**Q** 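The following block contains the structure, expressed as structure tokens.
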Amino acid sequence: MEDLFSLAGKTAWVTGAAYGIGYAIAKAYAQAGAKIVFNCSRQETVDRGLEAYKKDGIEAKGYVCDVTDEEAVKKLLHTIEEEVGPVDILVNNAGMIRRIPMTEMEASEFRRVVDVDLIGPFIVSKAVIPSMIERGGGKIINICSMMSELGRETVSAYASAKGGLKMLTKNIASEYGAYNIQCNGIGPGYIATEQTAPLREKQPDGSRHPFDRFIISKTPAERWGDAEDLMGPAIFLASKASDFVNGHILYVDGGILAYIGKQP
Ligand code: NAP
Ligand code: GCO
């Protein structure tokens with residue numbers, strides 16, 4: 001049974017895994033036996049990640065690479081294969097959000113969010129799939145979102161990108177499942193990371209942010225998720241245990257998507 005969830009001998013590339021959700025997933029993979037590679041778009045973030053991995057006793061390799069830059073991604077993959085080995089597991093985690101009312105959002109701002117959150121996973125997946133085919137298979141995990149299913153004010157670009165990422169996940173599963181590549185998504189609910197910090201900021205009077213209270217009322221678990229809540233589901237989708245799971249979005253949301261919300 002242990003072997004079913006083991007990642008021993010595997011190389012996992014987790015994009016954007018300097019902290020937050022990506023870091024937690026990469027840490028879980030390291031504890032399951034995988035070699036870890038990650039990239040961020042800024043050197044200072046890569047350095048921050050390397051320090052964190054070292055502190056946790058994890059030998060990770062970090063590189064500066066913007067996932068929207070196709071040539072840079074191809075070069076990085078070549079470097080990874082030279083320095084670490086072929087990529088067995090890819091997690092498209094790198095992402096960004098801009099919370100702006102749609103009618104006030106510049107097309108360039110909308111385009112950048114879609115570039116990072118949707119085109120980036122396309123570029124990185126397109127780069128790794130050929131070598132996965134050559135080696136008899138692989139695992140691709142796309143970090144989707146509740147916004148792959150639901151909209152809300154100010155996140156039109158992000159929801160459009162994450163909705164697209166859900167369908168890209170299903171399409172990679174459809175197009176490459178015959179090569180023993182499983183492509184699935186994880187849809188985190190509201191997770192306490194730097195990305196959601198503005199939604200949890202304490203009010204001047206010390207009370208909870210209205211959005212914070214709103215999420216608590218919408219979550220059966222009555223709490224925000226932690227990045228660590230994603231570790232088990234991520235190991236499942238990267239291991240032999242999920243070899244017949246393909247094109248699935250696994251929501252890890254404390255039950256928000258199942259729940260109408262607590263009566264005020
Ligand atoms: P985060 O704290 O904002 O971290 C994002 C990471 O991605 C950073 O390391 C960042 O480093 C990197 N990154 C951003 N743009 C990049 C680019 N163009 N190329 C390479 N790396 C890039 O995010 P998080 O909250 O951990 O979320 C991680 C993923 O989960 C994202 O896809 C997010 O949309 C998704 N998600 C988050 C939540 C949540 O509640 N937190 C829920 C559902 C889904 P640099 O800035 O240095 O590039
Ligand atoms: C927001 C939040 C969400 C979460 C996550 C929910 O502004 O609504 O940032 O988008 O990050 O994607 O699953």
Side-chain angles (χ1 to χ4, degrees), residues 13-27 37-50 52-53 60 62-70 72-73 76 91-101 111-124 141-166 168-169 185-201 209 211-212 214-215 218-219 223-230 233-234 249-257:
W13 178 6
V14 186
T15 66
Y19 47 81
I21 287 172
Y23 184 84
I25 290 176
K27 184 174 171 183
V37 173
F38 75 101
N39 68 291
C40 297
S41 66
R42 293 173 296 159
Q43 186 62 56
E44 63 263 33
T45 324
V46 171
D47 294 345
R48 172 181 168 186
L50 287 171
Y53 286 112
Y63 304 89
V64 177
C65 175
D66 183 328
V67 293
T68 65
D69 180 341
E70 188 158 22
V73 166
L76 175 55
V91 180
N92 286 305
N93 166 78
M96 66 175 287
I97 193 167
R98 285 285 177 272
R99 300 182 183 94
I100 305 168
R111 197 170 287 119
R112 180 61 185 166
V113 173
V114 172
D115 256 351
V116 174
D117 292 1
L118 177 57
I119 311 297
F122 159 75
I123 286 172
V124 186
I141 295 139
N142 294 321
I143 307 300
C144 297
S145 161
M146 279 179 45
M147 274 53 219
S148 300
E149 302 294 344
L150 303 171
R152 82 173 187 87
E153 299 77 8
T154 76
V155 297
S156 60
Y158 184 83
S160 303
K162 292 296 187 181
L165 185 56
K166 174 177 75 171
L168 177 63
T169 302
I186 290 177
Y190 279 84
I191 312 295
T193 70
E194 292 180 14
Q195 191 245 52
T196 55
L199 306 174
R200 288 176 284 107
E201 256 163 23
H209 191 294
F211 195 87
D212 181 357
F214 169 66
I215 290 303
K218 292 285 282 181
T219 309
R223 67 174 176 88
W224 283 70
D226 294 318
E228 289 68 27
D229 288 318
L230 298 160
I249 313 296
L250 178 54
Y251 285 97
V252 185
D253 66 357
I256 288 188
L257 285 175

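FYI, the numbering just counts along the sequence from 1. Note that these values count all heavy atoms, side chains included, but never hydrogens, waters or copies made by symmetry. The structure displayed is predicted, hence computed values, not measured ones. Order of appearance sets the numbers: ligands from 1, and atoms from 1 within every ligand.
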**Q** What part of Thr193 sits under 4.0 Å from ligand 1 if we count only heavy atoms: the side chain, the backbone, both or neither?
**A**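 Looking at Thr193 and ligand 1, just side chain atoms fall under 4.0 Å.
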
**Q** For ligand 2, does Val155 get within less than 4.0 Å through its side chain, its backbone, both, or neither, judged by non-hydrogen atoms?
**A**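 The side chain, only.
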
**Q** Tell me: protein heavy atom nearest atom 7 (O) of ligand 2, and distance?
**A**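 In this structure, atom 7 (O) of ligand 2 has Arg99 NE, 2.6 Å as its nearest protein heavy atom.
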
**Q** What's the shortest heavy-atom distance between Pro198 and Arg99, and which atoms?
**A**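 For Pro198 versus Arg99, the nearest heavy atoms are CG-NH1, 4.1 Å.
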
**Q** Can any side-chain N or O of Lys162 pair as donor or acceptor with the backbone N or O of Glu149 at less than 3.5 Å?
**A**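 Such a contact is absent between Lys162 side chain and Glu149 backbone.
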
**Q** Specify the protein heavy atom at minimum distance from atom 46 (O) of ligand 1: its residue, its atom name, and the distance to 0.1 Å.
**A**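 For atom 46 (O) of ligand 1, the nearest protein heavy atom comes out as Arg42 NH2, 3.0 Å.
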
**Q** Which atoms from ligand 1 have a heavy atom of Gly20 less than 4.0 Å away?
**A**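 Heavy-atom distances to Gly20 below 4.0 Å select 26 (O).
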
**Q** So for atom CZ, which belongs to Arg200, do other residues, nucleotides or ligands contribute more than 12 heavy atoms lying within a distance under 6.0 Å?
**A**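 Yes - once you tally the heavy atoms of other residues, nucleotides and ligands closer than 6.0 Å, there are more than 12.
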
**Q** Could you walk me through whether Thr219 and Arg223 pass side chain to side chain donor-acceptor pair (under 3.5 Å), step by step?
**A** CA-CA 7 Å; Thr219 309; Arg223 67 174 176 88; over 6 Å; no

**Q** For ligand 1, which atoms, with element, lie under 4.0 Å from some heavy atom of Ile191?
**A**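 What qualifies from ligand 1 is 39 (C), 40 (O), 41 (N).
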
**Q** Take atom CD of Glu44 as the centre, draw a 6.0 Å sphere, and report whether it contains more than 12 heavy atoms from other residues, nucleotides or ligands.
**A**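 Buried by this count: over 12 neighbours within 6.0 Å.
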
**Q** Quick one: does ligand 2 sit under 4.0 Å from the side chain of Leu199, the backbone, both or neither, non-hydrogen atoms only?
**A**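 Side chain only.
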
**Q** Should Gly225 be listed as contacting ligand 1, given a heavy-atom distance under 4.0 Å as the test?
**A**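 Under 4.0 Å: no for Gly225.
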
**Q** Tell me: protein heavy atom nearest atom 3 (O) of ligand 1, and distance?
**A**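 The closest one turns out to be Gln195 CB, 3.6 Å.
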
**Q** If we ignore hydrogens and angles and just use 3.5 Å, is the side chain of Asp115 paired with the main-chain N or O of Thr68 as donor and acceptor?
**A**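 Such a contact is absent between Asp115 side chain and Thr68 backbone.
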
**Q** Could you list which atoms of ligand 2 come closer than 4.0 Å to a heavy atom of Met146?
**A**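 What qualifies from ligand 2 is 13 (O).
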
**Q** Counting from 1, what ligand 1 atoms have a heavy atom of Gly189 closer than 4.0 Å?
**A**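 Here the atoms of ligand 1 in question are 40 (O), 42 (C), 43 (C).
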
**Q** Considering the heavy atoms of Tyr158, write down every atom of ligand 2 situated less than 4.0 Å from one of them.
**A**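 So the answer, numbered in order with elements, is 5 (C), 10 (O), 11 (O), 12 (O).
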
**Q** For atom 22 (C) of ligand 1, what is the closest protein heavy atom, and at what distance to 0.1 Å?
**A**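 Among all protein heavy atoms, the one nearest atom 22 (C) of ligand 1 is Ala94 CB, 3.6 Å.
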
**Q** Can you list the atoms of ligand 2 that are under 4.0 Å from a heavy atom of Ile97?
**A**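 Result: 7 (O), 9 (O), 10 (O).
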
**Q** Could you say whether the N/O atoms of Ile21 and ligand 1 ever approach to under 3.5 Å?
**A**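 The answer is yes, given that Ile21 and ligand 1 share an N or O pair closer than 3.5 Å.
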
**Q** Any N/O of Gly22 closer than 3.5 Å to an N/O of ligand 1?
**A**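 In fact, backbone or side chain, Gly22 has no N or O that close.
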
**Q** Answer side chain, backbone, both or neither: which part of Met147 comes under 4.0 Å from ligand 1, heavy atoms only.
**A**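 Answer for Met147: neither.
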
**Q** Taking all non-hydrogen atoms of both residues, which atom of Ala24 and which atom of Glu228 are closest, and how far apart?
**A**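 Nearest pair, atom of Ala24 first, then Glu228: CB-N, 4.2 Å.
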
**Q** Taking all heavy atoms of Ala94 and all of Val67, pick out the closest pair and write down the distance.
**A**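 For Ala94 versus Val67, the nearest heavy atoms are CB-CG1, 4.2 Å.
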
**Q** Using side-chain contact (heavy atoms from CB on, under 4.5 Å), reason through Leu76 and Val37 one step at a time and then give a plain yes or no.
**A** CA-CA 10 Å; Leu76 175 55; Val37 173; 5.6 Å; no

**Q** Under a 4.5 Å cut-off applied to non-hydrogen side-chain atoms, are Ile143 and Val91 in contact?
**A**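 Counting from C-beta outward, Ile143 and Val91 do come under 4.5 Å.
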
**Q** In terms of atom number and element, which parts of ligand 1 are under 4.0 angstrom from non-hydrogen atoms of Cys144?
**A**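 The list of qualifying atoms is 43 (C), 44 (C).
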
**Q** Got an N/O contact under 3.5 Å between Ser145 and ligand 1?
**A**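 The answer is no, given that Ser145 and ligand 1 share no N or O pair closer than 3.5 Å.
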
**Q** Has Thr15 got any heavy atom lying under 4.0 angstrom from an atom of ligand 1?
**A**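 Under 4.0 Å: no for Thr15.
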
**Q** Just going by heavy-atom distances, which of Trp224, Tyr158, Tyr190 is nearest to atom 34 (O) of ligand 1?
**A**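 Minimum heavy-atom distance to atom 34 (O) of ligand 1 goes to Tyr158.
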
**Q** Quick one: sort the Trp224 and Tyr190 rings into parallel, tilted or perpendicular, breaks at 30° and 60°.
**A**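 Judged by the thresholds at 30° and 60°, the geometry between Trp224 and Tyr190 is perpendicular.
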
**Q** Report yes if Val116 has an N/O atom closer than 3.5 Å to an N/O atom of ligand 1; otherwise report no.
**A**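 In this structure, Val116 places no N or O atom under 3.5 Å from an N or O of ligand 1.
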
**Q** Work out whether the distance between some heavy atom of Glu44 and some atom of ligand 1 is less than 4.0 Å.
**A**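 No, that is not the case, since the closest heavy atom of the residue is not under 4.0 Å from the ligand.
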
**Q** What is the closest protein heavy atom to atom 30 (O) of ligand 1, and at what distance does it sit?
**A**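 Nearest neighbour among protein heavy atoms for atom 30 (O) of ligand 1, to 0.1 Å: Ile143 CG2, 3.2 Å.
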
**Q** Just by distance, do the side chain of Asn93 and the backbone of Thr15 share a donor-acceptor pair under 3.5 Å?
**A**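 Side chain of Asn93 to backbone of Thr15, a donor-acceptor pair under 3.5 Å: yes, one is there.
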
**Q** Distance under 4.0 Å to a non-hydrogen atom of Ser145: what atoms of ligand 2 satisfy this?
**A**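 Result: 5 (C), 6 (C), 12 (O), 13 (O).
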
**Q** Closest heavy-atom contact between Cys40 and Ala18?
**A**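 Closest approach of Cys40 to Ala18, heavy atoms only: SG-CB, 3.6 Å.
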
**Q** What closest approach, in Å, do Tyr53 and Ala26 show between heavy atoms, and which atom pair accounts for it?
**A**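 It is OH-CB, 3.2 Å.
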
**Q** What's the shortest distance from atom 3 (C) of ligand 2 to any protein heavy atom, and which residue and atom give it?
**A**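 For atom 3 (C) of ligand 2, the nearest protein heavy atom comes out as Tyr190 CE2, 3.5 Å.
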
**Q** Give a yes or no answer on whether the side chain of Tyr23 reaches the backbone of Ala52 with a donor-acceptor pair at less than 3.5 Å.
**A**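 Yes: the side chain of Tyr23 pairs with the backbone of Ala52.
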
**Q** Any atoms of ligand 2 less than 4.0 Å from a non-hydrogen atom of Met147? List them with their elements.
**A**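 With Met147 as reference, the close atoms of ligand 2 come out as 10 (O).
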
**Q** If we only count N/O pairs under 3.5 Å, is Gly189 in contact with ligand 2?
**A**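 N/O-N/O distance below 3.5 Å exists for this pair.
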
**Q** Closer than 3.5 angstrom, by distance alone: can the side chain of Asp117 be matched with the main-chain N or O of Met96 as a donor-acceptor pair?
**A**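 Yes, because the side chain of Asp117 sits within donor-acceptor range (under 3.5 Å) of the backbone of Met96.
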
**Q** So which bit of Thr196 gets within less than 4.0 Å of ligand 1, heavy atoms only: side chain, backbone, both or neither?
**A**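 The answer is the side chain.
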
**Q** Enumerate the atoms of ligand 1 whose separation from the nearest heavy atom of Thr45 is less than 4.0 angstrom.
**A**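 Near Thr45, meaning under 4.0 Å from one of its heavy atoms, ligand 1 has 9 (O), 11 (O), 45 (P), 47 (O).
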
**Q** Below 4.0 angstrom from a heavy atom of Arg112, which ligand 1 atoms are there? Numbered from 1 as shown, please.
**A**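 In order of number, 18 (N).
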
**Q** Please answer whether the main-chain N or O of Gly20 pairs with a side-chain N or O of Thr193 as donor and acceptor at a distance below 3.5 Å.
**A**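 Pair absent, no side-chain N/O of Thr193 close to backbone of Gly20.
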
**Q** Would you mind running through ligand 1 and noting each atom that sits below 4.0 Å from a heavy atom of Cys65?
**A**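 In order of number, 19 (N), 20 (C).
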
**Q** For atom 28 (C) of ligand 1, tell me which residue out of Val113, Val73, Asn93, Val64 has the closest non-hydrogen atom.
**A**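 The option holding the nearest heavy atom is Asn93.
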
**Q** Decide yes or no on side-chain contact (heavy atoms from CB on, under 4.5 Å) for Ile97 and Val155, but give the supporting numbers first.
**A** CA-CA 8 Å; Ile97 193 167; Val155 297; 3.9 Å; yes

**Q** Do Thr169 and Cys144 have side-chain heavy atoms sitting under 4.5 Å apart?
**A**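 Contact flag for Thr169/Cys144 side chains = yes.
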
**Q** Answer side chain, backbone, both or neither: which part of Met96 comes under 4.0 Å from ligand 1, heavy atoms only.
**A**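 Neither part.
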
**Q** Using a 4.0 Å heavy-atom cut-off, say whether Ala17 meets ligand 1 through its side chain, its backbone, both or neither.
**A**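 Neither part.
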
**Q** In terms of residue, atom name and distance, what is the protein heavy atom nearest to atom 11 (O) of ligand 2?
**A**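 Heavy-atom neighbour on the protein nearest atom 11 (O) of ligand 2: Gln195 OE1, 2.8 Å.
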
**Q** Taking the side chain as C-beta and beyond, is there a heavy-atom pair between Leu165 and Phe122 under 4.5 Å?
**A**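 Not in contact.
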
**Q** When only distance counts, is Gly16 in polar contact with ligand 1, meaning an N/O pair under 3.5 Å?
**A**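 Checking ligand 1 against Gly16, an N or O pair does fall under 3.5 Å apart.
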
**Q** Using a strict 4.0 Å cut-off to heavy atoms of Asp66, name the atoms of ligand 1 that fall inside it.
**A**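 Taking each heavy atom of Asp66 in turn, ligand 1 has 17 (C), 18 (N), 19 (N) under 4.0 Å.
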
**Q** Which pair of heavy atoms, one from Tyr251 and one from Ser145, lies closest together, and at what distance?
**A**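 Scanning both residues completely, I find the closest heavy atoms to be CE2-O, 3.5 Å.
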
**Q** Is ligand 2 under 4.0 Å from a heavy atom in the side chain of Arg152, in the backbone, in both, or in neither?
**A**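 The answer is the side chain of Arg152.
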
